[in-house]
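Here the structure comes first, spelled out in structure tokens, and everything after it is commentary.
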2 protein chains.
Amino acid sequence: MIDDEHSSDGEILTGLVLEIFRLNGRLLTAGDRLIADVGLTSARWQVLGAIHYADEPQTVSWLARSMGLTRQAVQRIVNELEVAGLVAFKANPSHRRAQLVMLTRNGQSAYAAADRRQKPWANALAKNFKRADLAAAQVLLAKIRGKLEADTE
Amino acid sequence: MIDDEHSSDGEILTGLVLEIFRLNGRLLTAGDRLIADVGLTSARWQVLGAIHYADEPQTVSWLARSMGLTRQAVQRIVNELEVAGLVAFKANPSHRRAQLVMLTRNGQSAYAAADRRQKPWANALAKNFKRADLAAAQVLLAKIRGKLEADTE
DNA sequence: GAGCATTTGACAACAAGTTGTCAATGACGA
DNA sequence: TCGTCATTGACAACTTGTTGTCAAATGCTC
């Protein structure tokens, strides 16, 4: 066998994992700065996005699953957003405790404002990269995540 | 111009960003579980790794820069690791305040134990993926991070 | 319908990261 | 050498995420 043992596939994947950790931090701080004067944070923005992209009002548990976070983490953010007047609860006909979450008018305009900031930012960052490369990376990462989630069960 | 506006490059990059957020969380919990009975957490493990991979004992600030975290975050972990007896401080000849951090014997064996867990885990996870794809993804993410860091300055 | 497992929200403890501020230290130029 | 500026550790407040536990609500099986 040819000498190729100095860098196993596992080690290459480990390098990728460490890169994800670093990039995650950078993205969060970049996001925070991008929308600081809208009065949002990356976490709240993400929750607003999950609500926005749902076809209908959904429960906190549903939102948490769609974001890959725990119920409790999302619940706390949602409660804060409700205090801030960006989301509102709506009675759930099929579950008395699990209320449905929806954007208020203020929530919609805050999300729209964040979106207006994000679009040129994303376009600028995407420059110099090939669309196919970005898409391939996303597919790869989603597959890795799928494997991790399968292991969790 | 052909109709290709429904999914701009920026939107594709945004999808990649959201995937990174999800994967980051999964990786952290997977890491925590992997080494829970070694008495480590993902964060402490990472700090031990940064110390381990440095050629010589380094300061907390240096470690933080190499990990892409803030000084304060790393400082707190290092202080806890010192209490736990996994790292030790050493006088820095060129700076009286900024002590150098090194692994103790216990720190070395804890890191080695974590490494023994991590290797088969990484190899198993890397299975089904092409080495070139993993490497390409890492390069792409590193480039994106480089752009973000350049913007910060 | 009764009983039991699952889902859900509430609450709490904790881990890990950020920002901001301060004083001590060291580096560098006038 | 002196003054100024950047770096560093210490400390604190805060955000965001985790896990664990509890009771309420629902659904499913017998």
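Just so you know, these numbers use all the heavy atoms, side chains as well, and skip hydrogens, waters and symmetry mates. Reminder, nothing fancy here: chain letters follow the sequence lines and each chain counts from 1.
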**Spatial distance of atom CG (B:D133) from atom CD1 (A:I12) [nearest 0.5 Å]** = 11.0 Å
**Prompt:** Do B:R97 and C:dT25 have a side chain to base donor-acceptor pair shorter than 3.5 Å?
**Reply:** no
**Request:** Scan side-chain atoms only and decide if B:T59 and B:Q99 contain a donor-acceptor pair under the 3.5 Å cut-off.
**Result:** no
**Rounded interatomic separation in angstrom, taking NE2 from B:H95 and P from D:dA6** = 15 Å
**Request:** Scan for salt bridge (Lys or Arg N to Asp or Glu O under 4.0 Å) pairs involving residues 34-45 of chain B, sequence neighbours excluded, and state none if there are none.
**Result:** B:D37-B:R117, B:R44-B:E80
**Item:** From CD1 (A:I20) to CG (A:L13), nearest 0.5 Å
**Value:** 8.0 Å
**Asked** When every nucleotide of nucleotides 16-21 of chain C is labelled 5' to 3' by its protein contacts under 4.0 Å (heavy atoms), B for base, S for sugar-phosphate only, - for none, what sequence of letters results?
**Response** BBBBBB
**Complete:** Tightest non-hydrogen contact, residues A:S8 and B:N123, listed as OG-OD1, 3.7 Å
**Request:** Look at A:R65 and C:dT8 and indicate whether a side-chain polar atom (N or O) is within less than 4.0 Å of OP1 or OP2.
**Result:** yes
**Request:** Grab the CG-C1' distance between A:N79 and D:dT15 for me, whole Å please.
**Result:** 15 Å
**Message:** Expressed as a whole number of angstroms, how long is the span from A:L81:CG to D:dT15:C1'?
**Reply:** 13 Å
**Request:** Send over the distance from A:W45 CH2 to D:dT16 P, rounded to a whole Å.
**Result:** 14 Å
**Request:** Nearest whole angstrom, please: distance from the C1' of D:dG17 to the CG of A:N24.
**Result:** 11 Å
**Request:** Take atom CE of A:M67 and atom P of D:dT16, then tell me their distance rounded to the nearest Å.
**Result:** 11 Å
**Message:** Assess, by modelled atom type and distance only, whether the side chains of A:D32 and A:S42 contain a donor and an acceptor separated by less than 3.5 Å.
**Reply:** yes
**d(CD, B:Q75; P, D:dA12) in whole Å** = 14 Å
**Complete:** From CG of B:N92 across to P of C:dG26 the rounded distance in Å is 9 Å
